[in-house]
Amino acid sequence: MIQIVPVETKKQRRLFIDFPHSLYEGNPNYVPALFLEQNDLLSPDKHPFYKHSQAQPFLAYRNDKIVGRICAIWNNNHNAFNHVNEGQWGFFDCIDDQEVANALFETAEKWVKAKGGDTIVGPINLSTNDTVGLLVDGFDKPPVAMMPYNSPYYIDLITNSGYGHKVDLRAYLVMEKSADKRSVLLLDRLEERLKRSGITLRQFNVKDFKNEAAKVRDIYNRAWDKNSGFVPMTEDEFNYTAKDLKMILDPRFAIVAEKDGELIGFGLGIPDINQILIKVKRGRLLPTGIFKLLFGKKKINLLRVLMLGVLEDYRKLGIEACLYGRIIKESKDSNIKGAECSWMLEHNYMMNHAIEQMNGELYKRYRLYQKSL
């Protein structure tokens, strides 16, 4: 007998957050999410998402033992921006049991349908500005910072529950030793050509973080607006994310492009802190996790290129190549040996081609699924 219980108390939320740690115990590629970060993400009184939308986590029990979890999501901003009546599901984890998976999905679908939804999409862990996608190819390596991980059997659990392919998200690995150096070698010449058009590149100014972040938010919301499933970040949501990123931001890997003093593009690479978090037991920073985080940062040898976008009117001028080139060039004088560029929509041919031209290896794929209600 399977019982589905809505998460309503702090104790239930803790059980919801901790369930994957038990499920993946002993898996060498599993990276435990930080408890504090997950707790904030799921707390309506802490995360700005809940100022405009709703989410309801659920736990699945069998014989008083937790065997699965899911979160049903209704994102009003997403629906208004994309002109849809779509719900989402996220935070899905489950034992390898179709009956349990079916019960979880049916519960999320019923919740979304009651909100007026005619379609449900997942996995999305609150919005497309957060962790997105199910790993479908590339299970042999741990995920990098802010990317998901799951067991291969999840694919069958989801498809057997009636879900079909919506879109694939690509992750490319670009290693310094094998990368095509043309983007770096031609960087000075390309930047000089851009300068003649009034376009310059510089590092993000961390001393003026608040004003710089506001400019980047404008670029983010305008440059990504045609991406599938995109939803603009509110000011509160962007500031919330920026505050977290500030703790790991290295200005060498945060490059802005300007035209006559106005931002027109931005590229951000962040250190792969998952190389540290994989050693932090159950995502707890205390008592010892905080020291692993503080003292492990210098040993990180991989970046994740988290954001790279240029305003539509300035594309195809070579700015994207310069942003990538700058990040690669800066990494040569550091411990960084490579970067994951993720995630890229499967039909974003221009950006995928640019990374492939640098000898980027398509080494992981993630998938969004959908179902009509």
Side-chain angles (χ1 to χ4, degrees), residues 7 9-50 55 57 59 66 69-71 73 90-93 123-135 141-151 171 233 236-250 253 268-304 306-307 340 342-343 366:
V7 172
T9 68
K10 289 182 180 179
K11 180 181 179 181
Q12 288 173 322
R13 191 187 307 144
R14 177 178 58 79
L15 293 171
F16 184 93
I17 294 169
D18 284 346
F19 172 65
H21 306 327
S22 302
L23 185 66
Y24 285 97
E25 189 173 5
N27 187 318
N29 294 319
Y30 171 70
V31 179
L34 284 176
F35 178 83
L36 289 174
E37 178 263 336
Q38 292 287 287
N39 189 58
D40 283 1
L41 200 58
L42 292 161
S43 299
D45 60 336
K46 293 182 179 181
H47 198 282
F49 171 87
Y50 300 96
L59 284 167
I66 297 174
R69 69 173 195 171
I70 200 167
C71 185
I73 301 159
F91 301 95
F92 172 74
D93 285 289
I124 296 173
N125 298 343
L126 282 192
S127 80
T128 51
N129 297 314
D130 300 297
T131 308
V132 173
L134 186 90
L135 181 66
K141 293 181 177 65
V144 303
M146 301 172 68
M147 292 295 284
Y149 178 81
N150 54 266
S151 293
M233 279 190 177
D236 286 343
E237 286 175 318
F238 191 88
N239 290 341
Y240 181 93
T241 301
K243 180 186 68 175
D244 287 345
L245 289 177
K246 185 178 181 180
M247 293 188 288
I248 57 173
L249 180 70
D250 187 327
F253 310 124
L268 172 64
I270 61 171
D272 178 23
I273 60 169
N274 276 10
Q275 294 183 9
I276 304 169
L277 297 184
I278 199 169
K279 302 172 185 176
V280 177
K281 191 173 182 179
R282 300 181 74 81
R284 265 54 171 193
L285 287 177
L286 297 176
T288 60
I290 187 68
F291 297 106
K292 293 176 182 177
L293 196 61
L294 290 173
F295 298 118
K297 288 175 68 175
K298 291 182 180 180
K299 298 179 182 179
I300 293 174
N301 61 8
L302 194 72
L303 291 177
R304 179 188 170 200
L306 174 67
M307 299 181 189
E340 176 180 298
S342 60
W343 39 265
Y366 300 83

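The structure displayed is predicted, hence computed values, not measured ones.
- Heavy atoms of other residues, nucleotides or ligands lying less than 6.0 angstrom from NZ of K46 number more than 12.
- Not counting sequence neighbours, the partners of E237 by the side chain to side chain donor-acceptor pair (under 3.5 Å) test are H52, T234.
- A donor-acceptor contact shorter than 3.5 Å is absent between the side chain of Q275 and the backbone of D272.
- No donor-acceptor pair under 3.5 Å is formed between the side chain of R304 and the backbone N or O of V144.
- Rounded to the nearest 0.5 Å, atoms NZ (K298) and CD1 (I276) are 12.0 Å apart.
- The closest side-chain heavy-atom distance from N150 to Y24 is below 4.5 Å.
- Two residues are said to be in side-chain contact when any heavy atoms from C-beta on lie closer than 4.5 Å; P57 and F91 fail this criterion.
- With rounding to the nearest 0.5 angstrom, the CD1 atom of I270 is 5.0 Å from the CG atom of L306.
- In this structure S127 satisfies the side chain to side chain contact (heavy atoms under 4.5 Å, CB included) test together with N75, N129, D130, V231, sequence neighbours excluded.
- Once rounded to the nearest 0.5 Å, the distance linking SG of C71 with CG of L126 reads 6.5 Å.
- Residues satisfying the side chain to side chain contact (heavy atoms under 4.5 Å, CB included) criterion with S22, sequence neighbours excluded, are R282.
- Atom CD1 of residue I300 and atom CG of residue D250 lie 10.5 Å apart, to the nearest 0.5 angstrom.
- Among residues at least two apart or in separate chains, there is no salt bridge (Lys or Arg N to Asp or Glu O under 4.0 Å) pair with a member in residues 19-34.
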Stepwise side chain to side chain contact (heavy atoms under 4.5 Å, CB included) test for L249 and L268: CA-CA 9 Å; L249 180 70; L268 172 64; 3.5 Å; yes
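- For the pair P271 and I248, the tightest heavy-atom approach, listed with the atom from each and the gap, is CD-O, 3.3 Å.
- Closest of all the heavy-atom pairs between Y366 and P148 is CE2-O, 3.5 Å.
- In terms of heavy atoms, M146 sits closest to L245 at SD-CD2, 4.2 Å.
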Could you go through residues 27-42 and list every donor-acceptor pair under 3.5 Å that involves a side-chain atom there, pairing it with any protein atom two or more places apart or in another chain?
from	atom 1	to	atom 2	distance (Å)
N27	OD1	N29	N	2.9
N27	ND2	Y149	OH	3.4
N29	ND2	F139	O	3.1
Y30	OH	H21	ND1	2.7
N39	OD1	R13	NH1	3.3

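- Considering OG1 of T241 and NZ of K246, their distance stands at 14.5 Å, rounded to 0.5 Å.
- With sequence neighbours excluded, no residue forms a side chain to side chain donor-acceptor pair (under 3.5 Å) with D244.
- In terms of heavy-atom proximity, P123 sits nearest to L134 at CG-N, 3.6 Å.
- In this structure, CG on L59 lies 11.5 Å from CD1 on I70, to the nearest 0.5 angstrom.
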Chi angles and distances behind the side chain to side chain contact (heavy atoms under 4.5 Å, CB included) call for M147, W343: CA-CA 9 Å; M147 292 295 284; W343 39 265; 4.2 Å; yes
